[in-house]
*Asks:* 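Following this message is one structure expressed as structure tokens.
Below, all heavy atoms of this structure are taken into account, side chains as well, without hydrogens, waters or symmetry copies.
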Amino acid sequence: MVTGISISAQAAYQTIYNNFYWYDQTGASINTQCGCLRKFNDLYYWYGIGGAGASDQACYTSVDLIRWTYKGIVLHTAIGANRMDVLYCDSTKQYVMFLKYDGNISYLGIATCSTPDGQFTFKGQQLVHNAKIGDMSVFKDTDGKARSGSC
């Protein structure tokens with residue numbers, strides 16, 4: 001018999017369901033169309049189109065993927081942008097937002113910020129190999145470089 005030891009109940013698992021409306025800590029619906037999820041340190045970040053139009057990129061944070069805090073619009077662009085992803089660049093110590101920047105042609109747009117939930121600064125857009133881009137995914141490879149795959 002073991003005495004003097006308090007054993008607490010194991011933390012219960014919770015199922016996270018997809019494909020329905022999510023709400024932030026104030027009860028407002030989360031608006032992250034065409035978004036992405038990232039984890040930086042111990043916090044999850046959910047980015048996506050939010051706010052007044054397709055030019056606004058919103059950010060929410062969570063410690064558990066269930067309860068979300070609205071951090072606000074982190075980027076506003078002159079032309080609609082979507083399909084964003086965010087990576088941390090070790091060499092510049094900046095968070096880099098990659099966007100499908102739409103006009104008549106889909107460019108790769110780049111914005112940066114010193115924090116993952118601050119105001120990103122749009123740096124510009126360019127064609128990739130002289131071609132427009134479609135939906136993309138971005139990841140940080142083991143060598144620290146950003147890589148992309150297209151759908």
Side-chain angles (χ1 to χ4, degrees), residues 11-26 28-151:
Y13 288 100
Q14 185 165 357
T15 302
I16 299 173
Y17 295 95
N18 195 8
N19 203 20
F20 66 92
Y21 291 105
W22 283 77
Y23 299 94
D24 69 14
Q25 82 286 2
T26 68
S29 62
I30 292 176
N31 192 1
T32 55
Q33 178 186 358
C34 302
C36 74
L37 284 171
R38 282 289 175 206
K39 185 176 183 186
F40 299 115
N41 300 314
D42 293 329
L43 205 54
Y44 294 96
Y45 293 82
W46 194 356
Y47 301 94
I49 298 172
S55 297
D56 294 333
Q57 310 306 314
C59 177
Y60 297 81
T61 60
S62 175
V63 295
D64 59 10
L65 294 172
I66 297 169
R67 291 175 292 276
W68 292 93
T69 301
Y70 179 62
K71 303 305 280 187
I73 301 300
V74 294
L75 177 68
H76 179 81
T77 58
I79 298 175
N82 60 45
R83 306 291 188 226
M84 78 290 310
D85 208 336
V86 178
L87 298 176
Y88 180 72
C89 180
D90 296 310
S91 63
T92 63
K93 309 238 183 292
Q94 294 281 304
Y95 293 86
V96 181
M97 183 179 285
F98 301 87
L99 307 121
K100 180 177 159 190
Y101 192 73
D102 288 333
N104 292 327
I105 300 175
S106 296
Y107 292 93
L108 173 66
I110 302 288
T112 62
C113 187
S114 61
T115 62
D117 59 357
Q119 292 298 301
F120 281 75
T121 301
F122 189 73
K123 299 296 186 178
Q125 77 278 350
Q126 64 183 35
L127 292 174
V128 177
H129 301 294
N130 273 343
K132 64 182 184 176
I133 64 169
D135 295 347
M136 63 179 174
S137 59
V138 178
F139 65 97
K140 189 174 182 179
D141 211 338
T142 55
D143 63 2
K145 293 183 180 181
R147 307 273 191 236
S148 176
S150 289
C151 298

*Asks:* Could you label the plane-to-plane angle of the Trp68 and Trp22 rings as parallel, tilted or perpendicular, counting under 30° as parallel and over 60° as perpendicular?
*Replies:* perpendicular
*Asks:* Any idea how Phe120 and Tyr47 line up, ring-wise: parallel (<30°), tilted (30 to 60°), or perpendicular (>60°)?
*Replies:* perpendicular
*Asks:* Just how far is it from atom NZ of Lys100 to atom CG of Asp85, taken to the nearest 0.5 Å?
*Replies:* 14.0 Å
*Asks:* With a 4.5 Å limit on heavy-atom distance, are the side chains of Arg67 and Asp24 in contact?
*Replies:* no
*Asks:* Using the ring centroid of each side chain, check whether Phe40 and Tyr45 are separated by less than 6.0 Å.
*Replies:* yes
*Asks:* What pair of heavy atoms forms the shortest contact from Leu43 to Ser62, and how long is it?
*Replies:* CD1-O, 3.4 Å
*Asks:* Please step through side-chain contact (heavy atoms from CB on, under 4.5 Å) for the pair Arg147 and Val138, ending with a clear verdict.
*Replies:* CA-CA 6 Å; Arg147 307 273 191 236; Val138 178; over 6 Å; no
*Asks:* Are side-chain heavy atoms of Lys123 and Val96 found at a separation under 4.5 Å?
*Replies:* no
*Asks:* A side-chain contact here means heavy atoms from C-beta on lying under 4.5 Å apart; do Thr26 and Thr69 qualify?
*Replies:* no
*Asks:* Contact between Phe98 and Ile110 at the side-chain level, heavy atoms closer than 4.5 Å - yes or no?
*Replies:* yes
*Asks:* Show, in sequence, the C-alpha distance, side-chain angles and deciding distance for Tyr88 and Lys93, and conclude whether the side-chain contact (heavy atoms from CB on, under 4.5 Å) test is met.
*Replies:* CA-CA 7 Å; Tyr88 180 72; Lys93 309 238 183 292; 3.4 Å; yes
*Asks:* Can you name the nearest heavy-atom pair linking Leu87 to Ala146, along with the distance?
*Replies:* CD1-CB, 3.7 Å
*Asks:* Run the side-chain contact (heavy atoms from CB on, under 4.5 Å) test on Met97 and Cys113 for me, step by step, so that the C-alpha distance in whole Å, both residues' side-chain angles and the decisive distance to 0.1 Å come before the verdict.
*Replies:* CA-CA 8 Å; Met97 183 179 285; Cys113 187; over 6 Å; no
